[in-house]
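Being a predicted model, the structure only gives us computed values, none of them experimental. All heavy atoms count here, side chains included; hydrogens, waters and symmetry mates do not.
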Amino acid sequence: MITTEQHEKLRGWFAGRLPDDLFESLSEVTVDREEITVIGRIAEPRLAEGVSDAEKEAAVESRIQEFRERTRDDRVAVAREAEHRFRKKVSWGVECGGERALFTHVAAPVMTRLRQPQRQVLDTLIAAGVARSRSDALAWCVRLVERHADDWLAELRDSLEHVQRVRAQGPDAEDAAAHEAEPEDTPRDEQTEN
């Protein structure tokens with residue numbers, strides 16, 4: 001979890017570092033422990049008036065694919081620099097014509113221990129055909145909570161940010177800042193395509 005100021009600095013770094021012609025605008029920069037996701041808006045394809053939904057959908061998909069291929073080298077260069085600087089993988093996405101597409105992004109495994117009542121919830125989702133495995137069922141549950149608990153999660157994130165600001169003002173703040181600035185000892189895998 002990062003503070004609003006840290007998030008603004010991260011977003012500012014990308015806004016300043018991205019080539020001017022990469023996106024029409026920088027829509028969103030999100031971050032968690034493993035990954036930074038950068039999403040930009042790209043121009044919609046120009047279509048004749050009154051085209052069918054199928055034609056519009058195909059044109060948007062083609063525009064997104066064209067953007068992905070054409071900008072790969074630029075995005076990889078920015079990602080490598082950001083990954084070195086921020087010690088997180090960088091993933092990319094675009095918004096075009098009301099559609100959002102994410103490119104190569106991290107799917108991080110999460111291990112947990114569940115008691116029988118929680119396992120039964122997951123097994124019920126599997127038996128009902130909602131999920132193929134307990135892992136899929138757990139991911140489904142997380143997406144459901146994410147969709148229906150936006151206000152609660154936003155309030156929780158605000159509270160965590162407040163706690164981090166208070167900690168940063170404490171007597172150990174200088175030691176913690178020096179520790180965070182030290183480079184990691186373990187090498188990170190290169191992401192081959194962004």
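Using a 4.5 Å heavy-atom cutoff, the side chains of T104 and S91 are not in contact. Taking the side chain as every heavy atom from C-beta outward, T71 and P19 never approach each other to under 4.5 Å. The side-chain heavy atoms of D123 and I126, taken from C-beta on, include a pair separated by under 4.5 Å. Q164 has its side chain out of reach of T4: every pair of non-hydrogen atoms, C-beta onward, lies at least 4.5 Å apart.
Between the side chain of K88 and the main chain of D32, a donor-acceptor pair closer than 3.5 Å is present. Judged by distance alone, with hydrogens and angles left aside, the side-chain atoms of R75 form no donor-acceptor pair with the main-chain N or O of L22 at under 3.5 Å.
Heavy atoms from other residues, nucleotides or ligands lying under 6.0 Å from CD of E28 number more than 12. Atom CD of Q116 sits in a sparse spot, with 12 or fewer heavy atoms from other residues, nucleotides or ligands closer than 6.0 Å.
With values rounded to the nearest 0.5 angstrom, K56 atom NZ is found 5.5 Å from E44 atom CD. For the atom pair CZ (R167) and CG (L160), the distance works out to 8.5 Å, reported to the nearest 0.5 Å. In this structure, OG in S27 is found 4.5 Å from CZ in R41, a value given to the nearest 0.5 Å. Distance CZ/R113 to CZ/R119: 11.0 Å, rounded to 0.5 Å. With values rounded to the nearest 0.5 angstrom, Q118 atom CD is found 8.5 Å from T112 atom OG1. In this structure, D74 CG and W92 CH2 are separated by 9.0 Å, a value rounded to the nearest 0.5 Å.
The shortest non-hydrogen separation linking L122 to L138 is CD2-N, 3.7 Å. The shortest non-hydrogen separation linking A82 to F14 is CB-CZ, 3.7 Å. Between V60 and C96, the shortest heavy-atom distance links the atoms CG1-O, 3.3 Å.
Ion pairing between a basic and an acidic side chain is recognised when a charged N comes within 4.0 Å of a carboxylate O; R157 and E161 show no such pairing. Between R100 and E95 there is a salt bridge, since a side-chain N of the basic residue sits under 4.0 Å from a carboxylate O of the acidic one.
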_From CA spacing to verdict: side-chain contact (heavy atoms from CB on, under 4.5 Å), V94, F103_ = CA-CA 8 Å; V94 294; F103 307 153; 4.0 Å; yes
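A donor and an acceptor atom, one from each side chain of E61 and Q65, are nowhere located under 3.5 Å apart.
With K89 as the partner, the side chain to side chain contact (heavy atoms under 4.5 Å, CB included) test is satisfied by one option alone out of I36, V106, T37: V106. Across R70, R68, R63, a single residue satisfies side-chain hydrogen bond (donor to acceptor under 3.5 Å, both in side chains) together with E66, and that is R70.
Connection of F67 to I39 is not established within any shared hydrophobic cluster, with ILVMFWY side chains joined at heavy-atom distances below 4.5 Å, either directly or through further cluster members. A continuous path of Ile, Leu, Val, Met, Phe, Trp and Tyr side chains, each step under 4.5 Å between heavy atoms, connects L125 with L144, placing both in one hydrophobic cluster. Linking Ile, Leu, Val, Met, Phe, Trp and Tyr whenever their side-chain heavy atoms come within less than 4.5 Å puts F86 and V78 in one cluster.
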